[in-house]
Each structure stands twice: as structure tokens, then as C-alpha cells.
> 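Have a look at this one.
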Amino acid sequence: EEVVVFAAASLKTALDAVAAEFEATTGHTVTVSYAGSNQLAMQIIAGAPADIFLSAAVNWMDEVEGAGLTAPGTRADLFGNTLVLVGGPDAGPVDLVPGVDLAGLLGDGKLAMALVDSVPAGQYGKAALDTLGAWEAVAPEVAQADNVRAALAFVALGEAPYGIVYGSDAVAEPGVQVVGTFPADNHPPIVYPGALLTGAADAADSAFLAALTENAADAVFAAQGFVVLP
Amino acid sequence: MLRVALTHRQGDFELDVSFDAAPGVTVLFGRSGSGKTTIVNAVAGLLRPDRGRITVGDTVLLDTDRGLRVPPHRRRLGYIFQDGRLFAHLTVRQNLIYGAWFAGLGRSPRALPHVLEMLGIGPLLARRPAGLSGGERQRVAIGRALLAQPRLILADEPLSALDDARKAEVLPYLERLRDEVQVPILYVSHAPAEVARIATTVVALEGGRVTGIGTAAQVLGDPDVAPLGIRSAGAVIAATLRRHHADGLSELDAGGIALFVPRIAMAPGTSVRLRIAAHDVILARDRPTGLSALNILPGTITAIRQGQGPGAMVRLSTPAGVVLARITARSAQALDLAPGTTAHAIIKSVAIAPDDVG
Amino acid sequence: MLRVALTHRQGDFELDVSFDAAPGVTVLFGRSGSGKTTIVNAVAGLLRPDRGRITVGDTVLLDTDRGLRVPPHRRRLGYIFQDGRLFAHLTVRQNLIYGAWFAGLGRSPRALPHVLEMLGIGPLLARRPAGLSGGERQRVAIGRALLAQPRLILADEPLSALDDARKAEVLPYLERLRDEVQVPILYVSHAPAEVARIATTVVALEGGRVTGIGTAAQVLGDPDVAPLGIRSAGAVIAATLRRHHADGLSELDAGGIALFVPRIAMAPGTSVRLRIAAHDVILARDRPTGLSALNILPGTITAIRQGQGPGAMVRLSTPAGVVLARITARSAQALDLAPGTTAHAIIKSVAIAPDDVG
Amino acid sequence: MIDWLPPDAWQAVALSVQVSVWAVLCSLPLGILVAYALARWEFPGKQVLNGLVLLPLILPPVVTGYLLLTTFGRQGAVGRMLEEWFGIVVAFRWTGAALAAAVMAFPLMVRAIRLAIEAVDPRIEQAAATLGASPAWVFATVTLPLILPGVIAGLILAFAKAMGEFGATITFVSNIPGQTQTLPSAIYSVLQVPGGDAQAARLVVVAIVIAMAALLLSEWVSRAVARRIAGA
Amino acid sequence: MIDWLPPDAWQAVALSVQVSVWAVLCSLPLGILVAYALARWEFPGKQVLNGLVLLPLILPPVVTGYLLLTTFGRQGAVGRMLEEWFGIVVAFRWTGAALAAAVMAFPLMVRAIRLAIEAVDPRIEQAAATLGASPAWVFATVTLPLILPGVIAGLILAFAKAMGEFGATITFVSNIPGQTQTLPSAIYSVLQVPGGDAQAARLVVVAIVIAMAALLLSEWVSRAVARRIAGA
Ligand SMILES: Nc1ncnc2c1ncn2[C@@H]1O[C@H](COP(=O)(O)OP(=O)(O)OP(=O)(O)O)[C@@H](O)[C@H]1O
Ligand SMILES: Nc1ncnc2c1ncn2[C@@H]1O[C@H](COP(=O)(O)OP(=O)(O)OP(=O)(O)O)[C@@H](O)[C@H]1O
Ligand code: MOO
Ligand SMILES: [Mg+2]
Ligand SMILES: [Mg+2]
């Protein structure tokens, strides 16, 4: 049986590993389509033949649920993530406390973020900076990329001295180091909800969704920098 | 038969012509810019005249008053363009059979070998137009139009890129088309010899208007019309081929008078036309003797017209028909020529070019 | 002076020519496909011949052995193409002054009004090539080349799209260029009259080889060469203009003999050339009287050559020079003509076309 | 060699070629028709058609993809019609990817062919008409052969564009391995993985090699055609 | 009317036009040169050049943007040179957006111009040469005027592409409102917000209107030029 998963692109490394394991043990096939959560949500609403949706943000899952496309009772918050400030190899630690002078820290450089109005990581980052009272000052110096990975690349390539990304993204990028972690209460909780969709028929689909919350999977996700939610 | 009536304006140029053409070859004769190509294009359907009516035989090709206009591809024409217009992507062979194929004659029309030989383009069959000389290109264009078995041939100065030898070879073929297949031909030309030889009807054009129309004899024989100047004036005489002589001359009978011309390749008994350019005729009061010129036509002078220059055009009525002689006014005076006097027209056999008989 | 030596292969065609041209007009004379355009293109630098050397005066344009090749735009040529090649995006005026501008003559070269008038293209100045007739286009092309003040004019059948009247108007201009400005001209033509009139040197071509070379008198006067057939044969006679008569005739002096021709627009004392086509000459043993023909040249027959046809070519040595007469073999016999006998050549004044004097 | 890329990457490569070839070939007749209409006919709404054809070039690909999704998706007006009447589903199938690629590449194809058509001397076509060729035959025997180099140029340009198309495709038919995951989508996916650059680079090399091969082939064909026309 | 879009959207519109105009105009001379070289010259590496020009079309825009970033970024080889020698910084500036747009639009421009050049009869150019025009003058006075309609077609195609370019731009110079946020970036941003469709639609309309205006203008100019050539 085939399981079609529409998953946020940032889940790729971990999800690929879990899916491979699942396929090996059950004999089912898992096909994952990675894209931006917003694209996936629109596609599901437009009738995409997906069995499972793993969103990087609550609001896009809400859209799908609002369209009546999630199987009732299957939605759950699966993972969390941390929001971190990354810098180049030479950057020193930054204390992310209210009043932090990020603009001064940047000099004439830019702060790399994902799109602050639309991409979840950007939205979280903006919220966090707001809380710290740093947004106003730093806003004109923010270089917004269309996804977190691109923002990370700006820092890794030395184009931007600092960037705000997920903890999970910072893990495997040797070109950057985490110079500070935003306190979790500075921004809305970073949550990856998952749900079975109404089109999902067979047992394999629910089995895979279940497998994502098993211990083995938890370990994989944790290793990639995700926070495993209870 | 072709009937054309057109009015059309393009830029400063205004065309307003109307002529009926007897079966055979109708030559549009006029200087550069007089509207010849414009007329031919209208007949072909490539130009939409402001107003007009064109018919070939019973078929109406155009009638703007009735809103009727046959599209070019249904007119069954063979248009030989002034500028060739070969298909660059096709071989010479494919160019040649293009029209034949649409006429339902297949890929090897029966006339092909004949046309190849006549135009001397057999060796070029496999080439493409880019590898041809100017004259070769035009010959292929002629072949292409002929092979389409058209019901009307349009020829816009088709021979001007050919050398005299080729011209002499191609002309008879057009004549045969005219005489045997009865294909009407609308022909644009600058060359009086060509016109005299081939024309059934000559339409003289000037500045978009018809200034004269009639047989070649009438138009070319009328010094007032002669649209290309006095040198194109000349008589056209009807004769019958009497016999061929062993020394290479052919003897014609023109109203009972024997005329000798270089051998013409026709059977005795055939009717032929003879153009005698006015400037090739010498006049004498008394029958001259001891001259190398073989043809001497006695006659009576019916008119003398003094031109602006040194010349005088003398009309001589002979048993063979009217002969025009362009001589100097000085000679006319010296010989005391006047209407009513008798005179002899002297014409060299060899002055009559092969082009001028047919 | 132009020196050309070329070998070149294209497709099946092999060119191998070498000729020196005296100052003046060198005519390439030969039938379609004989290689005329190929030679002209090589001189212009538009074709890279396999091997060759071309010089104009002291300037080497091409020397493949020394790896030398002047690019076309530095050759200072005026090339009149067989197919016009006007610039479609420029007005007639802009086309005309294109070369003049590069020659540093500015936007209103002094010769412009003159060229406009001669070619009858004044009214066309503001138009674009698409709105011109075939002949109009070619006239503009001629004007464009002339106005570039070139040191060598290349003309590839420049007149074939022109009517006789225009031809007669344009030819004198080319002659003036030849005589006054001393511009050498390499000229391709099919028309013997044109050739005789304009040529200083004639290069007869056949199948990519030179079959004869010499003055117009030599090549056209040699029935063996006559690349376009016997009708192109004729004598070319040098004469001096003696006086103009009131009746519109001009009197020439050719070796002491008076010849009358239609008025030519030159001053008394000028040297002119006269082409007398062999087929326009009548012979008589005794001096004839009572003829309208004004010109009678006494002479001695130096040769008679019987052709394959009915004709015989008679060479007559006269005080005015050699005259060729093409008469029928029958007449030659009847008049008992033989080398050594005396005879009179009779030539009509008006048979000498304006084309044939200059 | 095979091991150089994971199997699903090869799958993406194969799918991309398949999608691009179909996209280009199926839209060619329409492309020629539209190009001809724009080059030679006068009709009301000509400029609107012209603009419509160019639209996919102007719009961000995501928007085009979004519009495709709302039109040709299962819930879209046309999509529903296609499914009910013909049983054709393009949404989230490789056929949909081909549709997206075709739409995105269409402006390039049309423009190239249109320029070629405009360069054909109408007088040559007139000559064909006088020889009895109806407009359709004139087109088939004269115009088409003469514009062939242009058509080939347009084809290859469109093919290259189709091979590189990403935004509209991923928005319209998502990124389902083996079904709609084209080479660019695969590159995108890999790029999302930290440290995925190396594999992305390999995929890019494959993309370049394929496009270059197509390019060289087209140049060669185009030149052979041109030589036939120009040459001896 | 002004209220119809938020001010930063109008800013994005203005910036997009600025970026596209500069991108297209600055790359035009190089575009003509490259098109001419590809159409008329024979030289070693011609096919490589040809491929290189097409590359931005083949590659997913993100890849192109990434390559631009590593080359023209402050740390990139060329970027550092530009900064040290000329004091020019393109990274995160509108100039960088123009560079990205130029690179992405270049293949279209070159192809269109190349086709136009190939359609010019070399014999007309030869005629100009015999009249004393050096190759450069022949180009300026004969070739260029004759290909003008093609150049204009290429320009507008490139302009349209530049207006729609998104992937490479955002990857290379990111999305800084007022500096690098072009219209497509704005549209993309809005589309990512649930329920942002309405505003996105408005922006799309603006994009279409601008591109259509450019298109109509170019058609008009192009037709005027063609009429001048063909006509009376
Ligand atoms: N590109 C080419 N490739 C092969 N053969 C060619 C090419 N161009 C010309 N030829 C051949 O070379 C020969 C000479 O051509 P050229 O154009 O010089 O003739 P021409 O004397 O000018 O003839 P015309 O009076 O018909 O213009 C012809 O037989 C022609 O078929
Ligand atoms: N498209 C056009 N627009 C305006 N005027 C034109 C156009 N085409 C031709 N003419 C003019 O119409 C007149 C007649 O042209 P046409 O081509 O019929 O002449 P023609 O008799 O064939 O001359 P030629 O012997 O030189 O070929 C010319 O004065 C020409 O300038
Ligand atoms: O997985 Mo996301 O939608 O790039 O934050
Ligand atoms: Mg004409
Ligand atoms: Mg020639």
C-alpha cells in the first residue's frame, strides 16, 4: 500500500529516515512530497491526493481543517522547534535579552530571516524580536529569504553576519554557529501539527502517522534538532 | 480571351486601364514605371485593385462591383516573375514540378524533359537556387510556370536576364504555347523585336494609361504611339513560306513578292510574320542593281512625316503590305520623295534577325 | 588598369581566367552561367577565390600567394548588382548618398542633381524601395554606385531592367565616367550594341574560360569568337566629329570619308566610336546612286568567310578602317565578290542608333 | 555511474525529460498557429491574444501555478470538465507537470516562431499561390520549411525552459516523487536538507548536460536545415 | 486609487519597473553582441557560449540565484573584485536585483535578436561593404535598422521576464522592502499568508497592466518601424 505524505520542506532529513525505516519494516511505500506548508495546504484544498499532511505551522493546518479535509480526531501537534540566532564561525555569543542592540551588532550587514510576513520561521522571528523590542531598529536591515534554508545560506556564505533560523536548520550546517537561542516565550509556540486527511482510506496511512510518534522516530527527529512534543 | 478593366491608386501613381486582348499573346509595352507589373499583379490576384473587372474566357477572376474575387491559387496561372522568386528550400527539380503537382500532373509531368532541354537546365536539377547564376535562376522560373499547365501565362520581362541565344531558344516555345495549346499570355517587355515577334495584341502604356492598343503591326507601325521611341517603329508583314533553298535561305511570298530570309525552321506553306524595323529599310527611286541586298519591294509612298530630329518616316504601300522606312530628311529631299511617288524598299536578308520572323 | 588572374571552383563549375584590362571599360561577355558574376564578385572581394591576384592600377586588391586580401569596404568600388540590393529601410535619397557619405562627400554630393536627372529618379527621393517598380529600383542602384565616387565600377548587367530610352540616357554617363574621370569599369553585358559602344576591352567568356580578349572591334569583329552568335559581330570605327548640320545630322570624318549620323551631342573635334553591325551593311560593286542611304564607303575586300548558314562575312578594308558586312552567300556569288575586288559598303545614317555612337 | 545519484533522482531526471518532451511537442501545433496568427493576420483582439501568450512570462511562476491549480485542479472549472467528460485528470499527475511546463514555455516558443514567420518574404508565398497552392499548402510546402530553423530554435528554447520550470509546477502538481517530482523540484528538495549542496550540485550537472545535449542537437539539425536551404 | 494597494506595494511596483528597465537596457549591447557572434561568426567555443547564454533558462531560478550569490556576493570572487576596485556592491541592493533579472532575461533577449540577425540577407550587407562601409558601419547602418523589430521584440520579452523574475532575485538579494522587494516578491509574500489571495490578485493585476502596456508600446513601435521599412 502507498502512503502519500505532504510534508513541510524543513522536515525532509528526518522524515526521509523515518519513512525508509517504515517501508523496511512494513513493506508499504511512503511517498513524500516536500514543499512550503502554504503550497501544500492550497494543493490539499484543491484536491491533492494526499493521505497525511505535516505542516510547519498551525495556521496552514487550520486552513485545511477549516475546509473539512482532515479526518476528525487525527490532528496532533507532533514536533516543536527552537528559534535561534546564528552567526559566522567568528561570531561571539549574543545575549538575547530585551533591549539587545542587534542593529549595532550588524554594523552595515544584514540580518537574514525567512519572509517575515508569510514564512513561519520569519513570523516567529519577527514576533521574538518584537518582544525583545529590537524589531523597529533592525527591520530595515532584514534580508528576507523565501525559506529558512535560503536565509541560512546567506549566513553560511558570509553574506549576512547573522540570521534567525530554526534550531533544526542550524544543526547540520557547518558554516554557521548558534550564537543565541530565543526564549520560547518570546514567540508563539513553534509547532508542527500533523493529521490524517479525509482521502486517506487504508490502514497503512494511520500506521505511518502513528509511527511518527514512536520512540524510534522521536530519536531521529531529536537528533535533527527538533523538539519532540509529548 | 482576356478582358481587363482596372483603376488603382498607389502612392502618387494612378492606374486607369481597360483593354480586351484577342486570344494569343498580349504584350504590355511601356517604359519603366508605367504600371505594367501593377496590371499583371492585379490579374494574378496578388494586388487588390481599388476597382476593376478581369475575365479570362468565360471565367470572371475579379469583379469588384459584384464583390467577386477568385483567390490566386484558384486562378490557374503561370506567373513568371521579374525577380524569379524561386523556392530557396527546394531543389531545382522540386521547384519545377511545384505547380505541376498542384495541377494534378504528378511528380513527373510529361512536358518536363522537353522544358528541361529547351531551357538548358537539365544539369541543374539537383541543385538549389542559391547555387545558380542569375540567368539560370530565371530559366528555372520560366520552366516552373510553364509546367503548371496554366490557363493563362503571366510573364513580367521573363527574358531580360537571358542572353540572346537563350532568348532565341525560349521564344519559339512561348509561341508554340500561344499557337498550339491556346494558352493566352500576358507579356511584359521592353524589346520591340520580342514584341513584334510574339504579340497578338500590343497594349502601349504610359503613366498608368493606355495610349495605344492593336496588333503589333498597328502599334509598332504607328510612329505616334511607339512608346519606347522611334527605334521601336517598324512594319509587321504577313507572308507564307514558299520553299527552302540549298544555300540556307528561305523564300517567302509576301503578296506575290519573293522575300529571302535566313532559313526558318518551318514547313513550306506555313504563315509567318516578319518584322521589318523602319531603320533597316533603304529607299531608292529606281530599282537598284548590283547590290548585295536581296529583297527589293516596289511601292508607292502614301505618307512622309518629318520628325523633330534629322529623320523622316516614310510609309510605302507595297504589294506585301505597308512598309515603314526611317530615312534622313536630307535623303528624302535628295530623292525628291513625296506622297504618290513610286519608290523601292531595299531590305537585307540578314538584317531580318531570326528573332524577327516567326 | 585592372589585372585579374583567378582560379576558383564552385560545385561543378570551374573558373580559370586571366586578363589585363586597358584603362576604360572592360566588358565581360558570355552567356548565362559562363562565370561573369563570379569574376565580378571576386574583384569586389565578396567571393574568396581559391587562388588569384587582382590589381587596380598600383593597388593590389588580392594576392592569395602572398596572403593579401583587401576587405571589400577598402576597395573603393561601386558595384551595381544584377539584383539591385537596395537598402529596404532607407529612402531612395538615403540609398543614393550611402556610398558618397563613406567616401567623404557628405550628405549632398555634388553629382547628385546630375545623377538624379540622368536616371529620372528625382521624384522618387522620398520613397522607399518597396514602393518602386523593377526598373526604378535598378536605376537607384546605379545612382548609388555612381555617387560613391569609386575608383572602380563593377556593373553586372546593370541595364537589363531598363527600357531602351533609359538605356540610351544612362550609357553616355557611364562613357563620361570612363573618359573623363578615368574610372575603370568592369561591365557584364549580353547586348552587343552596349558592348560595342562602351567597351575598351572585351573579354569573351565561355564555361569559366577566356575564349577571346581584345578591343571591341577585335572581339566583335572576329566571327570566330562572337560568344553570343553571329549577330553580335560588327566593326567599330574611330572617327572625328566634323560639324553639325542644320537638318539634324552630324558629319563625321572617318579616315577622310564623310559619314552622316543622327545628331550626337558633342562638340566638333571630338573623337567618337561608331559601331557598324555587320548585318546592317549592304555591299555593291559599283558606287550606287539614287539611294536614301547617305554613307558609302569604298574599299577593297580582304577576306570572305562562308559560315555554316546562308551568310557570308565579308571584310572590307576602307579608308575609315575595316568594315564587316554580313551578306548572303548568294549575293556574294551574284556580285562576284572575292578578296582583292573593290566594293562599296552602304550604311544608312539612321541604322546607326544613338546607342552605337559615342 | 548509476550510483552517482540515488534512484529517485534518476527517476526525477527521467520524468523531467518525459514531461518536457511532451510539453513541447503537444504545444507545438498550437504554438505555430498562434505565431502565424500574430505574424500575419489582423483580427480584433490580436493584442489581447498577444498579451495572453506572454502572461506566463510576466507573472511570477507561483501565480501561474496557482491559477492552473484553481482552473485545472480537480475542483477547478476546466479540471472538473475534463474529468467528467473525458476522464482526464491532470492535477497531481505528470500530465499536469507537462501542462505547467507547456504553459510556461509557450511564450518563448511562440515568439521564436513568430520572428521566423515574419522573416519569410511574402512574395515567395505569393509565387506559390499563383502556382495553385491553397493557403494551407503554401504554409506546408513553403512557409513551414523556410521557418524550420526558427521552429527548431523555438522548440529547444521551450524545451530548456520546460526542463528548468519549477515554481508553477510545484505549485500546481506538488512534488510527489515518481509522479510529479521533476529535476528542479528534486533540486529544491535536496537544497532544503542541510548539507544537501553536494547532491544538488550533481543534479544541476545532470540538468545542464541534458539541456546542452538538446541544444547541440538542435543546433546541428538547425544548421543542417539551413545548409540545405542556402547551399549547393 | 492609491489606497487600493498599501504603500509598500506601490514601492515594490516602482522598484520592479526600475529594476527591469535597467536590467534590460544595460544588457542590450552585450545581448546584441552575443547574438551577432552566435548568428554570424565561427569561433572555437561557440557552442559553449551558446550553452552558457541558455543556462539561466535551464536551471531552476533558485540555483541561478545561488550561483549569483556565490559569485557576486560580498564574499564571492567577482563581488569582492567589484567592491575593491570600483566600490560597487550589488549584494542586497536593487542593482543586484537588476543583475539577477538581466541574467535571467538574457537568453530570451539573445535568442530573439539572433533570429532577427539570421533573417537579414547577407547580400544586402555585402552591398553596403562595397560602398565603403566597414563592418562596424555596416552593422550600424544596415544590420541594426533591419533587425530593429527583432531587437524590440527581444527587449520586451526580456522586460516581461525581468518583471516576472522571482526565484533568482530573492535567492540572490533577498527581499528587503524598498530595496530589493520587487513585485513578484511582494506577490509571493502575500500569497504565503492565509487569505492573502485578494491582495495578491490586485498585485497580479498591476503586474499584468504594466507588462501589457510595455507590450502594446513595443508592438506599436515595432509596427511603426516595420511600416517604415515595407511601406511607400
Ligand atoms: N554558390 C554556388 N555553388 C555552386 N555553383 C555555383 C554557385 N554560384 C554559381 N554557381 C555556378 O557557377 C557558374 C557561374 O555562375 P555565375 O553567376 O558567375 O554566371 P554568370 O556568367 O554571371 O551568369 P548569368 O548571366 O546567368 O548571371 C554557374 O554555372 C553557376 O551554376
Ligand atoms: N507599393 C507601392 N507604393 C507606391 N507606389 C508604388 C508601389 N509599387 C509601385 N509603385 C509605383 O507605381 C508605378 C508603377 O509600378 P510598376 O511596378 O507597375 O511599373 P512597371 O511598369 O512594371 O515598371 P518596370 O518596367 O520598371 O518594372 C511606379 O511609378 C511605382 O513607383
Ligand atoms: O517548512 Mo517551512 O514552510 O519552509 O517553514
Ligand atoms: Mg515591373
Ligand atoms: Mg550573373
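Residue numbers begin at 1 in each chain, while the letters A, B, ... track the order of the sequences.
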> Go through the atoms of A:Ala143 and report whether side chain, backbone, both or neither lie under 4.5 Å from a heavy atom of chain E.
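Both backbone and side chain.
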> Mind checking what makes ring-ring contact (aromatic ring centres under 6.0 Å, His included) contact with E:Phe92, not counting sequence neighbours?
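A:Phe154.
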> So which part of A:Leu157 gets closer than 4.5 Å to some heavy atom of chain E, the side chain, the backbone, both or neither?
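Backbone plus side chain of A:Leu157, per the 4.5 Å heavy-atom cut-off to chain E.
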> When you look at CH2 of A:Trp135, are more than 12 heavy atoms from neighbouring residues, nucleotides or ligands closer to it than 6.0 Å?
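Atom CH2 in A:Trp135 is crowded, with more than 12 foreign heavy atoms closer than 6.0 Å.
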> Per the ring-ring contact (aromatic ring centres under 6.0 Å, His included) rule, what does the pair list look like for residues 164-211 of chain E, sequence neighbours excluded?
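Sorted pair list: E:Phe166-E:Tyr188.
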> Considering residues at least two apart in sequence or located in another chain, which fulfil the side chain to side chain contact (heavy atoms under 4.5 Å, CB included) criterion with E:Arg93?
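E:Arg93 satisfies side chain to side chain contact (heavy atoms under 4.5 Å, CB included) with E:Arg74, E:Val89, E:Thr95 only.
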> Can you tell me how far the CG atom of A:Asp146 sits from the CG atom of E:Asn175, to the nearest 0.5 Å?
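Result: 9.0 Å between the selected atoms.
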> Atom CD1 in E:Ile170, atom CG in A:Asn147: separation rounded to 0.5 Å?
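Atom-to-atom, E:Ile170:CD1 and A:Asn147:CG are 8.5 Å apart.
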> What part of E:Gln181 gets closer than 4.5 Å to chain A, counting heavy atoms only: side chain, backbone, both or neither?
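Neither part.
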> Using a 4.5 Å heavy-atom cutoff, which residues in residues 103-114 of chain A come close to chain E?
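Interface residues of residues 103-114 of chain A: A:Asp108, A:Lys110.
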> Heavy atoms only: give me the nearest E:Ser174-A:Ala145 pair and the separation to one decimal.
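Residues E:Ser174 and A:Ala145, closest heavy atoms: CB-N, 4.5 Å.
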> Quick check against the 3.5 Å criterion: does A:Glu159 have a side-chain atom that pairs as donor or acceptor with the backbone of E:Ala91?
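Side chain of A:Glu159 to backbone of E:Ala91, a donor-acceptor pair under 3.5 Å: no, none is there.
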